[in-house]
Every structure is written in C-alpha cells, then in structure tokens.
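Heads up, the thing below is written out as structure tokens.
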Amino acid sequence: MTEMTLGAALNSGLRRALADDDKVVLLGEDIGKLGGVFRVTDKLQEEFGPRRVIDTPLAEAGIIGTAVGLAYRGYRPVCEIQFDGFIYPGFDQIVAQVAKLHYRTRGAVKMPITIRVPFGGGIGAVEHHSESPEAYFAHTAGLRVISCSNPQDAHSMIREAIACDDPVLFFEPKRRYWLKGEVSDDADGLPMGNARVLTEGSDVTLVAYGPLVPTALDAAAAAAEDGTSIEVIDLRSLSPIDFAPIEASVRKTGRLVITHEAAQSGGIGAELAAAITERCFFWLEAAPARVTGFDTPYPPAALEDAFLPDLDRLLDAVDRVMGRRNSLTGWKASA
Amino acid sequence: MSDVSTTHEHTRTSSPAGGSPEDLHPGQLEDIVQLICPDGARTASPGFDPWVADVTDEDLLGLYEDMIVVRRIDTEATALQRQGELALWAPLLGQEAAQIGSGRALRSDDFVFSSYREHGVAYTRGARFGDLLSFWRGTTASGWDPYSIGMATPAVIIGAQTLHATGYALGCKHDGVDSVAVAYFGDGATSQGDVNEAMVFAASFQAPVIFFCQNNQWAISEPVGLQAQRHISDRAPGFGIPSMRVDGNDVLAVLAATRIALDRARRGGGPTFIEAVTYRMGPHTTSDDPKRYRPTGELDEWAAKDPITRLGRLLEGRGVLTEDVATRVQQKADAVAYEMRAACVALERHPDPLTVFDQVYSGPHSGLERQKSQYAAYLASLDGAQS
C-alpha cells in the first residue's frame, strides 16, 4: 500500500503496463519529455524510450489512426487525448474505425486500443478544456467506456483497460488528479466493467461516476446528518453499464438520483433512468431524478460553478425524490 | 523524439523527359514516367529501366493476363449487380495497370490498406472470389481475413486507411522487419485531413509506407481540379516525402515506381508518394451515372490510352501474344468469372438474425447480451405463433 495521487496512480499503472507487455506503446502530444500536461506520463519516456512513449505530431485523428495501424500490427496502443474537447478531430477514427474493425473483420482484427481522456470541469480552464463527451462514445457500439474516481481504481482500471482486447475509452476526472488515496497492486479485483457500491443506504440510490463521485459521497454524508440514508454507487463503467447493483439498490431504496457533468439530454443519466424504470418500475417511489450539466456549451470559468452539479443541487434532488419540499415545489411550508 | 530524423529531400526521381524539372513551375510539369506508350512502343527511361530489367516477356504476359482477368472480374461483378446478385459494385475499369503493376511488386509480408475500388490489388494478394463480393452482396461486413492475405478490408471512409498504413509501417520499423505498408487511395482522398496527417506522421517517423494515389480524374462527379490545383504528386515533397508521377495506365512504369518505393522503404529510407495517373472509365459505382458530368469525348480520349491494349500491342509486336495465347488468356478470365459467379450466388443471403450481435466485442458485453437474449425470445415467440 502506498499513498499517492490519482494522477500518480495512473502513472504507476501505465508504468506497470509498459513493463509487463512490450507491445504496449503510448502515443500523444507532449507525453514524452514533458510527461503530459498533467504529468500522467511523467518520466515514462525516460524509462522506456521514445519508441514506447511516442510524442506525436499535433493531430488527434493522426494519433488514433496511427494507433489503429499499430494495433493491426499486434501492438497495444495507449493514446492520450490532451483535453476532452480536443477529441473531436479524432472522432471519425474512433467511431468509424476503432469501434467497428473487430465487427467489420468478423473478429479477425483486434483493436486493443486505450484512449485516455482527461475530462470534466472545475479547474477554471478556457474553452474546450472542461468538457464531458463520454455519452458520444457510450452510444457507439464496439467501444467500452469507463471512468475512475479514486487512485486505486485509476491504477487498476488503466491496467485492465490496456490488457483488454476491445477498445476502451478511459475518462480521467482531471480535477481529481490530485486526490490522494492508498494504492496497492492487489486491489479487490472488481473488474472495470462493474459498478461499486461505496456507501450502503436505505432511502435513496445516488449514482455518479468520475469527478462527481467525491461530490456524491459528500452529499451522502450531509444527508446522513439530516437522517436521510443514501446509497452511493460509483458507476465506473458507462459501456456496458453494470445494472445489477443499481437494480438491487433501487429495489431497496425505491428512489434514484443520477448525476454527471455532461449535458442532460441523451446522456448517461437518461439511459440509467429509462433502464431502471423499465426494470424496477414497481419498486420506484418517485421518478428518477437527474442532476447534470445543462444543455449548453461548457461555460466560461466564471460560470462553471453554476453549471456543475454540486452538493446542494444533489441534496435538492434527494429532497425531490423523497417527496419533500424542494426547489421545484418552493420552500414555503404551505407548498 | 531522439530517433526521428527528418528528411528535407525535395528531389524528384529522375524523369524520362530529362531536363531540369526544378526550373519549371510545378503546375506546368509534364514529367510523367512512361515505359510503354499507348501505341505499344517501349520507351527508354534511364531512371526506371534498371528497376524492371529482370522483367521477361513471360512476366509481361503474366501482367497482361492479370489485367485481363481483373477486368473480367469487374465486368462479371457489374453484371451480377445488374442481375440483383450484388447490392452495389465499384468498378475498376481502366485502373487495371495501376493496381496490377503495384500489387505484383509486393511481397506476401507487405501489408495493403486500400480503399473500396482495389479489387485488382486484392486479386494479386490472393483474395478468394467469394471474399471479393460478400461485402458488395451485403452478406458480411467485409470480405477477407486481413492477416490471411496481407491486406486490410477496404476502408469506405475516404482516406482513413492512410493513417492505418502509417501506424502499421511504424510497427514494422519498431519490429525491425523490412515489410512495407502500402496505402491505396484516390485523388479525392488527397483533400482529406487524414491523408495529410498520415503524410506528416509518416515523414516525422520515417515510416516504411508507400502512399499510392490512383488519380483516376474523378471523385464521383468532382473532377480532380477541384481537389488539386497542381499535380497531386507535387504535394508530397512539402511533407518531406519524395514523390513520383507515373503513367498509371502503364503497368511496367507502375511496377518500376513501386519497386523503387519499396526498396527505399526496406532500406530505411521512409515513405514515398506515387501518383499513378489513370482514368475511371466506368461509373463511380453501379449507382452512379457519369453521363451527367463527364465531358463529351473524354472517355474516348482515355480509351486510346487503355492499359491493356497498349501492353497487348507490345506483346503482339514481340510475337508473344499470339492468337492462341490470347484465346487461352481469355478462357482463363472466363473461368475465373464463372468461378466467382458461383461463389457469389452461394453466399448465404439470409444469415441467422441473431448473428447481428456477433463480433461487436471480443469479449462479453452485458448490455448487448441482454438485447440479444430479448431478441432471441422475441424471435422464438414468433416461431411459437406460427406453429
């Protein structure tokens, strides 16, 4: 057990993957000498050389398309997209090539490509540096989409993603890169495709992933002070979604709140709400509630606190599903 | 990166026209490499002749036969489409020399990343006839196992495969082997970002890749002038990639140019760009109608430069292509067409509906498995309703 930040845990996971399999190569912008703009690949080029940790020209389609060719050749490329909002130039290569080649070739060609995406807001950045594009990829057949929320998962899940024979979009909660926690090589072994129940609760099921998991835990702690028992579930995998623990939880609590930074319409929360309603309709005490970013572009930094789901908005949604007065009903006792 | 060496090579491979091409405005260059004239005469080219000095008349006859066969395959496939056996076909008519001359230059351990019109290249790689057609019949997502013939399944997104070739070539370089990746694409693709990014990456990493552009003059209805104001081959030197512009209807010139590029790549010289100037004599696909955009007389102009006719004339002049030989070649082509037709109609047109879920992932995906089991139950319920 070692205490380290989430960013350092990713670095150690990548180091292990590079050491364990010489077919693992890292590609990205500024990942070599600089170690990446968030230092996630710090010192890896020094250790493994410029043929394993490759600084690429500045072209996202080029990075992903080159990774496709390397995968054809038997390599396991790990691509870094520098910021969430930079992924769109590589979108075609991801959804039309990476995602479909296994299907297109009827399994003859594997695409064990991991695409690392620092995502989400809360760091006061300029445009294109705070987005949450995960739903586009969860909507795409052939991709696996996961997101970590703590150092141990960061370390374990990145290694599992790289070892996976399918392409994996790996969303890293960039504002949590400095979150500290214990990391061990012998984690609990929960596969990356599984959700994890973080706190047991009996009143409300609160599902989060990536950067909002700590926010959800804070909300649960605050609600507990008011006597409301919240079961927090870290979704971890957005494709596939591990519904079993959410179903089990909702059958217990009867109430579901889902939160993500990404826009609401067509998002992961919509999918969760629909699927849980289909599966748990007769157990539900209230309509599932979503607490999400708005259907707007990610705003300038001065407005991001208004955009991002926070503890108070989560508690407001908890009040809503609990049938208490809330922001929609108004706060007056007569409401 | 410490192992990246950047080439600043802007030189053209020497042209048979001689002179100093650098003196000319690139847009005015007519330095196209040609070894066999449309009338069948063999022209000398000091820069290229040594690369095909070993090619015997028998070898030339082999190339001739290949071209006859792939044209016959093309004719048959077009007929199969008209008869409702294929949903679509993208004819290669007119591009036989570009595809056979390059394809036959490759080794089995080289790897091709093509677009969707390279049936002739696929033939040289040894694709089975049914595998040439299953994609176009709509029965499978693509034809062959790429590793079985050293050729990726065709890319339909224009230009995407050039990056795949570059990545594969980078892998070859890192593996320490002298295999070469070849990217086939058209004139239209040269406008795509992917193709330009591929050239940047290939040059920066000195990847052993050949960019083989078949400039067939048309991107569906858009003439090449809409994609490029100068020769397409003129772009590559700007990326630090040497280029050649060859007569794509001259199978020997294409063979020579491809051999030069392959040799360069195998010796660690990095990427090379080849523009094979040819002509799409047919429609873009069987759904297209070139009468709406092709200028009057253009087809006749190019028919006079037909790739098969000119090699036939050369071989007739040398007494190699006799009437008997021509008959034998045609019989072989007909036999291939017959075999291909049989393979086509044998392709299952009504696969099990549940196979729609196959091979989306290499391992289990719980969401997809649930959809599959629910659909299976639905299908089973229909069976029950009918009985």
Side-chain angles (χ1 to χ4, degrees), chain A residues 23 25 27 32-33 45 49-75 77 89 92-93 96-97 99-112 141-144 164-167 193 237 239-244 275, chain B residues 1-4 111 113 135 140-148 152-157 159-175 179 181 183 192-194 196-198 200-205 207 209 355 358-370:
Chain A
K23 290 297 183 188
V25 291
L27 298 112
K33 199 162 271 182
Q45 190 185 61
R51 291 196 167 192
R52 303 287 307 282
V53 180
I54 304 170
D55 269 330
T56 66
L58 264 71
E60 285 74 17
I63 293 168
I64 306 293
T66 300
V68 169
L70 283 163
Y72 253 104
R73 183 75 202 167
Y75 284 84
D92 171 70
Q93 284 288 345
Q97 307 299 335
K100 295 190 173 79
L101 269 160
H102 189 267
Y103 187 80
R104 186 180 300 148
T105 60
R106 286 172 284 166
V109 178
K110 297 207 182 325
M111 283 287 126
L143 302 176
R144 295 181 188 271
C164 177
D165 278 343
D166 289 320
S237 177
S239 177
I241 291 175
D242 180 17
F243 283 107
Chain B
M1 240 176 94
S2 63
D3 65 342
V4 168
F111 210 96
F113 290 85
F135 168 75
T140 61
S142 68
W144 50 84
D145 173 347
Y147 296 119
S148 70
T153 51
V156 176
I157 301 294
Q161 74 279 9
T162 56
L163 281 165
H164 308 166
T166 300
Y168 189 92
L170 184 60
C172 291
K173 181 179 175 178
H174 289 185
D175 290 343
S179 303
Q192 287 279 5
D194 280 8
N196 290 274
E197 291 182 24
V200 171
F201 277 58
S204 291
F205 298 135
V209 57
T355 61
D358 291 353
Q359 307 293 359
V360 179
Y361 296 91
S362 69
H365 184 284
S366 55
L368 205 55
E369 279 167 14
R370 182 182 171 93

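Every chain is numbered from 1 and lettered A, B, ... according to where its sequence line falls, protein lines coming before strand lines.
Separation of atoms CD1 (Ile157(B)) and NZ (Lys100(A)) is listed at 8.0 Å; rounding is to 0.5 Å. With rounding to the nearest 0.5 angstrom, the CE atom of Met111(A) is 11.5 Å from the OG atom of Ser362(B). With rounding to the nearest 0.5 Å, the separation of CG in Leu163(B) from CD in Gln93(A) is 5.5 Å. Going from atom CZ of Phe205(B) over to atom CZ of Arg51(A) covers 11.0 Å, rounded to the nearest 0.5 Å. Note that CD1 of Ile54(A) and CZ of Phe201(B) are 10.0 Å apart. Values are rounded to the nearest 0.5 Å. Ile241(A) CD1 to Arg370(B) CZ: the interatomic distance, rounded to the nearest 0.5 Å, is 11.5 Å.
Heavy-atom distances place the side chain of Phe111(B), and not its backbone, under 4.5 Å from chain A. For Ala160(B), the parts lying near chain A are the backbone and the side chain together; criterion is any non-hydrogen pair under 4.5 Å. Residue contact with chain B, scored on non-hydrogen atoms closer than 4.5 Å, involves the backbone and the side chain of Tyr72(A) alike. Contacts of Asp242(A) with chain B are absent, with no heavy-atom separation under 4.5 Å from either backbone or side chain. Using a 4.5 Å cut-off between heavy atoms, Gln359(B) contacts chain A through both its backbone and its side chain. Only the side chain of Asp194(B) comes within contact range of chain A, with at least one heavy atom under 4.5 Å from a heavy atom of that chain. Looking at Ala96(A), the atoms closer than 4.5 Å to chain B (heavy atoms on both sides) all sit in the side chain, from C-beta outward. Heavy atoms of Ser237(A) lying under 4.5 Å from chain B are absent altogether. If you measure heavy-atom distances from Thr162(B) to chain A, you find no contacts under 4.5 Å at all. The contact between Leu70(A) and chain B is made by backbone and side chain atoms together, counting heavy-atom distances below 4.5 Å. If you measure heavy-atom distances from Leu143(A) to chain B, the contacts under 4.5 Å come from the backbone alone. Contact of Ala152(B) with chain A is made through backbone and side chain together, with heavy-atom distances under 4.5 Å.
Between Cys164(A) and Tyr361(B), the closest side-chain pair of non-hydrogen atoms is not below 4.5 Å. Contact of the His365(B) side chain with the Ser239(A) side chain is registered, since non-hydrogen atoms from C-beta on lie closer than 4.5 Å. In this structure, the side chains of Tyr75(A) and His174(B) come closer than 4.5 Å at one or more pairs of heavy atoms.
Closest non-hydrogen pair, Pro364(B) versus Arg144(A), comes out as O-NH2, 2.8 Å. Across Gly363(B) and Asp166(A), no two heavy atoms sit closer than the pair N-OD2, 3.6 Å. Of all the heavy atoms in Val360(B) and Tyr103(A), the pair that sits closest is CG2-CD1, 3.6 Å. When every heavy atom of Ala59(A) is checked against every heavy atom of Glu197(B), the shortest pair comes out as CB-OE1, 3.1 Å.
For the set Asp92(A), Ile64(A), Val25(A), the count of heavy-atom pairs under 4.5 angstrom toward chain B peaks at Asp92(A). When each of Asn196(B), Thr166(B), Leu170(B), Leu368(B) is scored by its heavy-atom pairs under 4.5 Å with chain A, the top score falls to Leu170(B). Among Ala108(A), Pro240(A), Ala71(A), the residue with the largest count of heavy-atom pairs under 4.5 Å with chain B is Pro240(A).
The salt bridge (charged side-chain N to carboxylate O under 4.0 Å, His left out) check on Asp175(B) picks up Lys23(A), Arg73(A), with sequence neighbours excluded. Take Lys110(A) and apply the salt bridge (charged side-chain N to carboxylate O under 4.0 Å, His left out) test, not counting sequence neighbours, and it matches no residue.
With hydrogens and angles disregarded, no donor-acceptor distance shorter than 3.5 Å links the side chain of Thr153(B) to the backbone of Thr105(A).
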